[in-house]
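In what follows, residues are counted from 1 in the order of the sequence shown. Read the numbers this way: they start at 1 and go in the same order the structure lists the ligands and their atoms.
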Amino acid sequence: MTNRTEHWEGVYGRKKTDEVSWFRPHLEQSLSYIEGAGLARDAGLIDVGAGASTLVDDLLGKGYTNLTAVDLSAKALEVARNRLGERGDKVKWLVGDITRLELPRHAYDFWHDRAVFHFLREPEDRRRYVELVRHALKPGGHVLVATFGPQGPERCSDLDVMRYSGDELHGEFGGGFTKVNELTELHATPSGKQQEFVYCYCRLAG
Ligand SMILES: C[S@@+](CC[C@H](N)C(=O)[O-])C[C@H]1O[C@@H](n2cnc3c(N)ncnc32)[C@H](O)[C@@H]1O
């Protein structure tokens, strides 16, 4: 087990789903972007660093049938899978590090990441991540990445994080990605603190 995996398995071993600072009962902004993309219900959607979030539940509820959830923490994915019961069998669950994982080429129409990219502090990890997006996303595919904004916290879950404006985040992805828009959200943590999140929504060149 790598240090990263141990760290996140430890977090999910100690805390309940609704106790972690990033918890929201529903990822409303993400759902709104995904629905706004106007995709077919069998479009390929991947949630990177899905954790135990309810995004997959809500997407299944809306009728999406081709969902993949990836996380370093097997425990986190197990929580989500158990919560879903039999419906969980419809989701592809992948345990792995997104900077090392192999994904099929041109498999996904929508790439979703809330609060994962900002943990990648090494340029080489970010390079690998972006390379994987280019490889795994269909040409013309949609990318939604949400990170802490310029006024957001400097640390999360005892780890230092990066903070990005929408343009800085788009800059990490480079020329092949066209920025469609960005949005700032003030997320209220379960302990009542406010955290600035920035959502950057792009399309990969067709
Ligand atoms: C702050 S949580 C966000 C969880 C979920 N996206 C949400 O919004 O509720 C970050 C998640 O990313 C996962 N993670 C961190 N680094 C990762 C990596 N390199 N590859 C895959 N997952 C990672 C953690 O295990 C954790 O579940």
With side-chain contact (heavy atoms from CB on, under 4.5 Å) as the test, pick out the partner of Y33 among V143, L183, L27.
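Answer after filtering V143, L183, L27: L183.
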
From atom 25 (O) of ligand 1, work out which of L72, L159, D71, L101 has a heavy atom at the shortest distance.
D71

Report yes or no: does a heavy atom of V70 sit under 4.0 Å from some atom of ligand 1?
no

Atoms in ligand 1 flagged as close to G51, the criterion being non-hydrogen separation under 4.0 Å
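In order of number, 27 (O).
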
With sequence neighbours left out, what residues match R105 under side-chain contact (heavy atoms from CB on, under 4.5 Å)?
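Testing R105 for side-chain contact (heavy atoms from CB on, under 4.5 Å), a comparison that skips the adjacent residues, returns H135.
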
Purely on distance, is any nitrogen or oxygen of D47 under 3.5 Å from one on ligand 1?
no

Polar contacts were defined as any N/O atom of the residue lying under 3.5 Å from an N/O atom of the ligand; does this apply to S53 and ligand 1?
no

Residue pairs involving residues 7-19 (criterion side chain to side chain donor-acceptor pair (under 3.5 Å); sequence neighbours excluded)
E9-S73

Salt bridge or not for [X] and [Y], using N-O below 4.0 Å?
X: D47; Y: K92; answer: no
X: D125; Y: R4; answer: yes
X: K179; Y: D167; answer: yes
X: R134; Y: E131; answer: no

Just need the protein heavy atom nearest to [atom], so name the residue and atom and give the distance.
atom: atom 10 (C) of ligand 1; value: A115 O, 3.3 Å
atom: atom 19 (N) of ligand 1; value: D97 OD1, 2.9 Å
atom: atom 7 (C) of ligand 1; value: R114 NH1, 3.4 Å
atom: atom 4 (C) of ligand 1; value: G49 O, 3.3 Å
atom: atom 21 (C) of ligand 1; value: G96 O, 3.4 Å
atom: atom 1 (C) of ligand 1; value: W22 CD2, 3.2 Å
atom: atom 20 (N) of ligand 1; value: I98 N, 2.9 Å
atom: atom 15 (C) of ligand 1; value: W8 NE1, 3.5 Å

At under 4.0 Å between heavy atoms, which part of [X] makes contact with ligand 1: side chain, backbone, both or neither?
X: V116; result: side chain
X: A76; result: neither
X: A50; result: backbone
X: Y12; result: side chain

Should the pair H187 and F197 be assigned to parallel (<30°), tilted (30 to 60°) or perpendicular (>60°) ring geometry?
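Rings of H187 and F197: perpendicular, as their planes differ by over 60°.
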
Do the numbers put R163 on top of the ring of F148, so that NZ or CZ is under 6.0 Å from the six-membered ring centre and no more than 45° off the axis?
no

Is the F173 to F117 ring centre distance short of 6.0 Å?
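Yes: the rings meet the under 6.0 Å criterion.
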
Going by atom types alone, do E35 and Y64 pair a side-chain donor with an acceptor below 3.5 Å?
yes

